[in-house]
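Everything on this sheet refers to the single structure shown next.
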Amino acid sequence: MIKKQIADNVSEALDKLKLKHTKEFSVEIPNNPDFGDYSTNAALMLAKENQLTPKQMAEKLVKELRKNKQFKSVEIAGPGFINFRIAASLYQIMLWDIHKQGKNFGSSDYGKGEKVLIEFVSANPTGPLNIVSARAAAFGDTLYRLMKKVGYEPAREYYVNDAGNQVDILAESLELRLREIQGENIGEFPYEAYHGEYVKHLAQKLNATEGVRVFMMPEKERTEHLKEFALREILEMQRQSLERFDVQFDNWVSERTLRQEGVVEEVLSYLTEANCTYEKDDAIWFCSTKYGDDKDRVLMKSDGSITYFVPDLAYHLTKIQRGYTKLIDIFGPDHYGYVPRLKAAFRALNYDENILEIIYLQQVNLYEEGERVKMSKRAGKIVTMDDLISLVGKDAARYFFIARKASAHLNFDLDLALQKSNENPVYYCQYAHARICSILRKARQENIYPRYFKHALIRKLNRPEEMALIQKMTALPDLLIDIVNKREPHLLANYTHELCALFHHFYNRYRVINPKRIELSQSRLLLIETVKHTLGICLDLMGISAPEKM
RNA sequence: GCGCCAGUAGCUCAGCAGGAUAGAGCAGCAGCCUUCUAAGCUGCGGGUCAGGGGUUCGAAUCCCUUCUGGCGUGCCA
């Protein structure tokens, strides 16, 4: 809010002084408070084009800018930075403005209602969700919340790969376990099959309800039946895990359904019409090399079955047909090699490939007693999303996942998370919120309320710690837009932590409630209530609860 | 081999569309509860921003290069 105002002030000053300004300059909050509340590099950036030295340039600007009463001071520093100190009165007005906005603070129409489809998690329906899925869930959901906040119309979608090879293997695994339960000697459990305990549980459940009846069906029917059962159960399991994580999807799209609707044939015909398929070695290929991929890709295998790529491409095309103008896919690191062919297909079919945006999440490594935990899905030896939530709780897990940027590997120390102590930074933020609530409760008991706006009242606020809190809060609306543009929700975690730090400093320095100084108390209550709203907004965007008490 | 991601304090990581003295948490040491929540605060120590070149008023940030680690490179999904 204030940044933009200052930038406008500088532009006005430049116009008045008839100085050129073709290059962009920035307004920043300096890390060193000695350099003021805000600072601009305008003189450094624009000196050259005006044939002045940065210092001369800065002097002219400063003279003009000092006429503005919102600035307590405007100084030149270093090689030609212009440093501003903001008058307390401006901060006071800002505070009131933020307070009035309540839960809407930070909301904007920046996205102009653009329809964005965020696809994430989309794990194979062959087992419980793992840690990477948990990371994807936290990341995708927070991105969704952020985009909504700044005026996009986003939707969350989960693509269910319920038609491929893997599901067949799942059905076979289930059948073997079922035979085992019924006393049959199945020999050694096949290497490729799913070894996880959950398959046994599913088999037990099926055995309890249907028993040997399963084996009275003809083989084909039986396989279908087992598949249906396993898919239903596992999807429900995944849905519940996500719910525990406070992640909901607007839409679950089934690959099988898509196939039944004939999209596979449709896509193949599109690609054929576009003249980019050919036959070789009994298979049908897509010449993706022509469109930037590093090798051609098989569409239909020599056994007549279709590759994963075809229905997935079809699925992406339905997103466009459904009116989305931005498609964001959140992928794990194992999909790197996959994206060029998807982009190639977009190009081949004359869609703007820039509609499709991929965010790669790097892998998550778990550490236990300083050792990396080795996991193997095949062997059924994995730490699941549910395990993690049970272990560290939803709030902590979400915070951990969001606090690291997507492109960085994430080392998750289980011992540390297990300790459930103050080592976990999420408590730091939640504690600030609970603390504020506690003060507000106390104030109510003493019949002191923050509600009423009076100039005399907010003018009581002038301490550096108070100004710092207000300054931090005013930065939120721009920050949210910046975060969305960069697709980097971890910046929100940083911000939240910083805001809380400012509050804890303030708290330790000053008393809020002081019956002898009612107006000061009221003004500080107004301040901390505003911090509470702001903090609540941040936590909510991350899907972390904001406790009233701890 | 090629591609992607990473290398910043003892550990985990911020900072990177160039900006002033590189930050936080944890770990270590020393303090702060008769007053609104000590899951907090204050102070101290801790760095060749992997190495080397370059671009410029200025580089952790941009370019080139070397080294190290991870991942990817299926007629799997």
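Chain letters run A, B, ... following the sequence lines, proteins first, then strands; residues in each count from 1.
- Between the side chain of Ser302(A) and the base of rC75(B), a donor-acceptor pair under 3.5 Å is found.
- Across all strands shown, nothing is found opposite rA39(B) as a Watson-Crick or G-U wobble partner with both distances under 3.5 Å.
- In a base pair of the Watson-Crick type (N1 to N3 plus N6-O4 or O6-N4) or a G-U wobble (N1-O2 and O6-N3), with each distance short of 3.5 Å, rU73(B) is matched with rG1(B).
- Of the listed nucleotides (rA77(B), rG15(B), rU37(B)), rG15(B) has the atom at the smallest distance from the side chain of Lys405(A).
- Arg511(A) comes within contact range of at least one nucleobase, with a heavy-atom separation under 4.0 Å.
- In this structure, the OH atom of Tyr338(A) is 23 Å from the P atom of rG3(B), given to the nearest Å.
- Taking the P atom of each, rC2(B) and rU61(B) are spaced 24 Å apart, rounded to whole Å.
- Side-chain contact of Tyr278(A) with Asp296(A): a donor-acceptor pair under 3.5 Å is present, judged by distance alone.
- Residue Glu548(A) is in base contact, counting any heavy-atom pair closer than 4.0 Å across all strands shown.
- Using modelled atom types and a 3.5 Å distance limit, the side chains of Ser545(A) and Asp395(A) yield a donor-acceptor pair.
- The same atom, P, is picked in rA24(B) and in rC41(B); the two are 12 Å apart, to the nearest Å.
- For the pair Glu28(A)/Ile6(A), no side-chain contact is recorded, criterion being any heavy-atom separation below 4.5 Å from C-beta on.
- At the heavy-atom level, Ser438(A) lies under 4.0 Å from base atoms of the strands shown.
- The NE2-P distance, from His433(A) to rU37(B), rounds to 15 Å in whole Å.
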Which is it for Leu469(A) and Phe506(A) under the side chain to side chain contact (heavy atoms under 4.5 Å, CB included) test, yes or no, and what are the steps along the way? CA-CA 8 Å; Leu469(A) 273 170; Phe506(A) 164 79; 4.0 Å; yes
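- The ring of Phe35(A) has its center no closer than 6.0 angstrom to the ring center of Phe81(A).
- Within the nucleic acid shown, Phe506(A) has no heavy atom closer than 4.0 Å to any nucleic acid atom.
- At the heavy-atom level, His335(A) lies under 4.0 Å from base atoms of the strands shown.
- His505(A) comes within 4.0 angstrom of sugar-phosphate atoms only, judged by non-hydrogen atoms across all strands, and of no base.
- Residue Leu410(A) contributes atom CG, which lies 12 Å from atom P of rU12(B) at whole-angstrom precision.
- Contact annotation for Lys55(A): no contact, since no heavy-atom pair falls under 4.0 Å across all strands.
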Look for any protein N or O under 3.5 Å of an N or O in nucleotides 18-20 of chain B and output each such pair with its distance, or none.
{"from": "rA20(B)", "atom 1": "N6", "to": "Ser39(A)", "atom 2": "OG", "distance (Å)": "2.7"}
{"from": "rA20(B)", "atom 1": "N6", "to": "Asn83(A)", "atom 2": "OD1", "distance (Å)": "2.9"}
{"from": "rA20(B)", "atom 1": "N1", "to": "Asn83(A)", "atom 2": "OD1", "distance (Å)": "3.3"}
{"from": "rA20(B)", "atom 1": "N1", "to": "Asn83(A)", "atom 2": "ND2", "distance (Å)": "3.2"}

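- Of the candidates rG3(B), rA77(B), rU12(B), the closest approach to any side-chain atom of Arg404(A) belongs to rU12(B).
- Using a 4.0 Å heavy-atom criterion, one finds that Ala434(A) contacts the bases of the nucleic acid, with or without backbone contacts as well.
- Contact annotation: Lys549(A) side-chain N/O to rC36(B) OP1/OP2 distance is not under 4.0 Å.
- In this structure, CD1 of Ile439(A) is placed 15 Å from P of rG40(B), rounded to the nearest angstrom.
- Remark: rA27(B) base-pairs with no nucleotide; criterion is Watson-Crick or G-U wobble with both hydrogen-bond distances under 3.5 Å.
- Look at the C1' atom in both rC67(B) and rU21(B): the space between them is 31 Å, to the nearest Å.
- One P atom belongs to rC57(B), the other to rG69(B), and the distance between them is 39 Å to the nearest Å.
- Taking atom C1' on both nucleotides, rG46(B) is separated from rG10(B) by 9 Å, rounded to a whole Å.
- Rounded to whole angstrom, the span from the NE2 atom of His504(A) across to the P atom of rG25(B) amounts to 11 Å.
- As rounded to the nearest Å, rG25(B) and rG15(B) have C1' atoms that lie 15 Å from one another.
- Across all strands shown, rC57(B) forms a Watson-Crick or G-U wobble pair, both distances under 3.5 Å, with rG19(B).
- Among the heavy atoms of the strands, none lies under 4.0 Å from Asp294(A).
- The aromatic ring centres of Phe84(A) and Tyr38(A) sit 6.0 Å or more apart.
- Among the heavy atoms of the strands, none lies under 4.0 Å from Phe309(A).
- Comparing the same atom, C1', in rC64(B) and in rC26(B) gives a spacing of 38 Å after rounding to whole Å.
- Comparing rA39(B), rU21(B), rC41(B) against the side chain of Asp34(A) picks out rU21(B) as the nearest.
- Using P as the reference atom, rC13(B) and rU65(B) are 28 Å apart when rounded to the nearest Å.
- Note: Phe120(A) and Tyr158(A) fail the aromatic proximity criterion, with ring centroids not under 6.0 Å apart.
- Of the candidate nucleotides rC5(B), rC75(B), rC57(B), rC5(B) has the atom lying nearest to any side-chain atom of His409(A).
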